[in-house]
Student: 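My questions all concern the structure below.
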2 protein chains.
Amino acid sequence: MTITAPTKSPKLHLSPLSRRSLAEDATSRLRRAIVAGELPAGSPLPEDGLAAQLGVSRVPIREALIELEQEGLIEFDHRGRSRVRDFSEEDFEPLFAMRSTLELMAARLVVQQITKEDIKELELMIREQECANDLTELSLLDVAFHARIIQAARNRPLTACWRTIRSQIEVWLAKSHREQAQRHLSSINLTVPGHQRLLADLCSGSEQKAEAAMKMEMATWREWLPE
Amino acid sequence: MTITAPTKSPKLHLSPLSRRSLAEDATSRLRRAIVAGELPAGSPLPEDGLAAQLGVSRVPIREALIELEQEGLIEFDHRGRSRVRDFSEEDFEPLFAMRSTLELMAARLVVQQITKEDIKELELMIREQECANDLTELSLLDVAFHARIIQAARNRPLTACWRTIRSQIEVWLAKSHREQAQRHLSSINLTVPGHQRLLADLCSGSEQKAEAAMKMEMATWREWLPE
DNA sequence: TTTATGTGTACTGTATACAGTGTTCAATGT
DNA sequence: ACATTGAACACTGTATACAGTACACATAAA
């Protein structure tokens, strides 16, 4: 049984599977480690050491570190050495304000142009949230849901901005869960209905409703965090 | 006459002049070239070629290209080759919307906490704008003025977001001036009074005034650009 | 003329090597 | 004790080398 190549170009054009580079792999590995708290705040990130651990050379590591710095997860000191960023409580309010601003803008844009495709995917994501086993998993799905809303706004600069804060949000949530899990247990039952409501209002065609729903969502999130 | 080292550590701590790296130099050189239109939209940016022209190796060039991609000035294709981004007219509206959102947020934050230092610097910048010789110079000073306002908002994520759009704004303005300089000649006399008014309202302590003034400023800018 | 097939080329992705620099810490002098 | 010097160290910044791969073009087959 031989594999025969198609003589005519096959019309079924697959998404051109993105040859992930080592740099991208390193980025997501490190990002996950930081979000999960495996690399605690303040940890030094020597290029040599990381390269050895991940079994690659320093080059992909350097590129990963640059990316993570843009995402606000790590910081370089004056001579180029990087550490996991140490978020203090004063960092929360600005981050929250920025998130609210971006998501409110997204809500306004989404309501005008949401597609069937968007709705289908968002509904699917809500269903996945129903199956979440623990808080950490749920909060990552939560953030992913909001990322999908941003995407539905179809505004490239907005997506770029969101990218600069998304990981930081994940860090906050994970940290908060680790430190005071019991406080958030109730939220596990609120997330799904909240998102259903939000999605409904984003589909309503009313800018007021969409904005109000998003403000509500942001307020909920606000209560989760510090103090 | 020998130079004697101070025996006691000198209290006068100078800002630790940032040993600019070749990568940073390359970034600003390339950024300027793109904004100025010397590297037209669509130009390929082979690492070898750029490295040779700037007299460095590919490593700093790679890092510069990554940075410029984050700033939205260049794009990588599916196999990692980069080109100067080609802004079409549809790209303008989203960029404008994002800018307005960020600057409005900044206005709200600034009015609560602007300092004497901020005001002094902003006034100085307005005086520099009075001396601008041509439109290009003026528009760069204009963007720098707004960047300083963002800085005065003292919100780190906001600054990071602004960084993702700033260069794109400069590209739009420069491009617009090149293509239809005469349309904008009148604006040369409006920028300074507009900024004086804006600064006054940012200092007024009234959130309403500050927001209104910034909206006005954004509307002015809006008229500069396509159609 | 079209459609397949090979081959060269231009480029990136990655590894490796080396040079330079701030920091630390011990040795030295006062 | 204290300041000063110096040498070793740990690390980044940069250059260079090599390997792999998508594309273009030329050539061969239908």
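Chain letters run A, B, ... following the sequence lines, proteins first, then strands; residues in each count from 1.
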Student: Measure from the side chain of A:R79, starting at C-beta and using heavy atoms only, and say which of C:dT23, D:dG13, D:dC23 lies closest.
Tutor: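 So the nucleotide nearest the side chain must be C:dT23.
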
Student: Measure the distance from CG on A:L45 to C1' on D:dC11 and round it to the nearest whole Å.
Tutor: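 One finds 13 Å between C1' of D:dC11 and CG of A:L45, rounded.
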
Student: Listing time: all N or O pairs from protein to nucleotides 16-18 of chain D that are below 3.5 Å?
Tutor:
none

Student: Between B:Q70 and A:R163, do the side chains contain an N or O donor and an N or O acceptor separated by less than 3.5 Å?
Tutor: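 Their side chains do contain a donor-acceptor pair, which is all the 3.5 Å distance test asks for.
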
Student: I would like to know whether B:R156 and A:E75 meet salt bridge (charged side-chain N to carboxylate O under 4.0 Å, His left out); could you show each step before the answer?
Tutor: CA-CA 13 Å; B:R156 195 167 151 155; A:E75 284 180 323; 2.7 Å; yes

Student: Name the atoms and distances for all side-chain donor-acceptor pairs under 3.5 Å in residues 39-47 of chain A, with sequence neighbours left out.
Tutor:
| residue | atom | partner | partner atom | Å |
| --- | --- | --- | --- | --- |
| A:S43 | OG | A:P40 | O | 2.6 |
| A:E47 | OE1 | A:R58 | NE | 2.9 |
| A:E47 | OE1 | A:R58 | NH2 | 2.9 |
| A:E47 | OE2 | A:R62 | NH1 | 3.2 |

Student: Among side-chain atoms of B:S88 and B:E90, is any donor-acceptor pair under 3.5 angstrom?
Tutor: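 Their side chains do contain a donor-acceptor pair, which is all the 3.5 Å distance test asks for.
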
Student: DNA chain C: B:E47 or A:P60, which has the more 5' nearest nucleotide?
Tutor: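 Of the two residues, B:E47 wins.
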
Student: Between P on C:dT9 and CG on B:D48, what's the gap in Å once rounded to a whole number?
Tutor: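 From B:D48 CG to C:dT9 P: 16 Å.
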
Student: Over how many whole Å does the gap from A:L22 atom CG to C:dT12 atom P extend?
Tutor: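 Rounded to whole Å, this separation is 17 Å.
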
Student: With a cut-off of less than 4.0 Å, is there a side-chain N or O of A:H78 near OP1 or OP2 of D:dT12?
Tutor: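 Looking at the OP1 and OP2 atoms of D:dT12, neither is under 4.0 Å from any side-chain N or O of A:H78.
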
Student: Whole angstroms only, please: what is the CD-P distance between A:E63 and C:dG13?
Tutor: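 About 7 Å, once rounded to whole Å.
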
Student: Within this structure, what is the CZ-to-C1' distance between B:F76 and D:dA22, rounded to whole angstrom?
Tutor: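 Computing the B:F76:CZ to D:dA22:C1' distance gives 17 Å.
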
Student: Tell me whether the rings of A:F96 and A:W221 are parallel (<30°), tilted (30 to 60°) or perpendicular (>60°).
Tutor: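 Because their plane-to-plane angle is under 30°, the rings of A:F96 and A:W221 count as parallel.
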
Student: What is the distance from CZ of A:R62 to C1' of D:dC11, rounded to the nearest Å?
Tutor: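 Going from A:R62 (CZ) to D:dC11 (C1'), I get 11 Å.
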
Student: Nearest of C:dA10, C:dT14, C:dA15 to any side-chain atom of A:V56?
Tutor: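 The nucleotide sitting nearest to the side chain is C:dA15.
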
Student: May I ask you to check whether B:D142 and B:H195 show a side-chain donor-acceptor distance below 3.5 Å?
Tutor: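 There is such a pair (donor and acceptor under 3.5 Å, judged by atom type) between the side chains of B:D142 and B:H195.
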
Student: Measure CD1/B:I66 against P/C:dT14 and give the value in whole Å, please.
Tutor: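 Result: 11 Å.
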
Student: Rounded to the nearest 0.5 Å, what separation is found between the CZ atom of B:R108 and the CG atom of B:L202?
Tutor: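 One gets 12.5 Å once the value is rounded to the nearest 0.5 Å.
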
Student: Without decimals, in angstroms, what is the distance between A:L50 CG and D:dT12 P?
Tutor: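 After rounding, the reported distance stands at 9 Å.
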
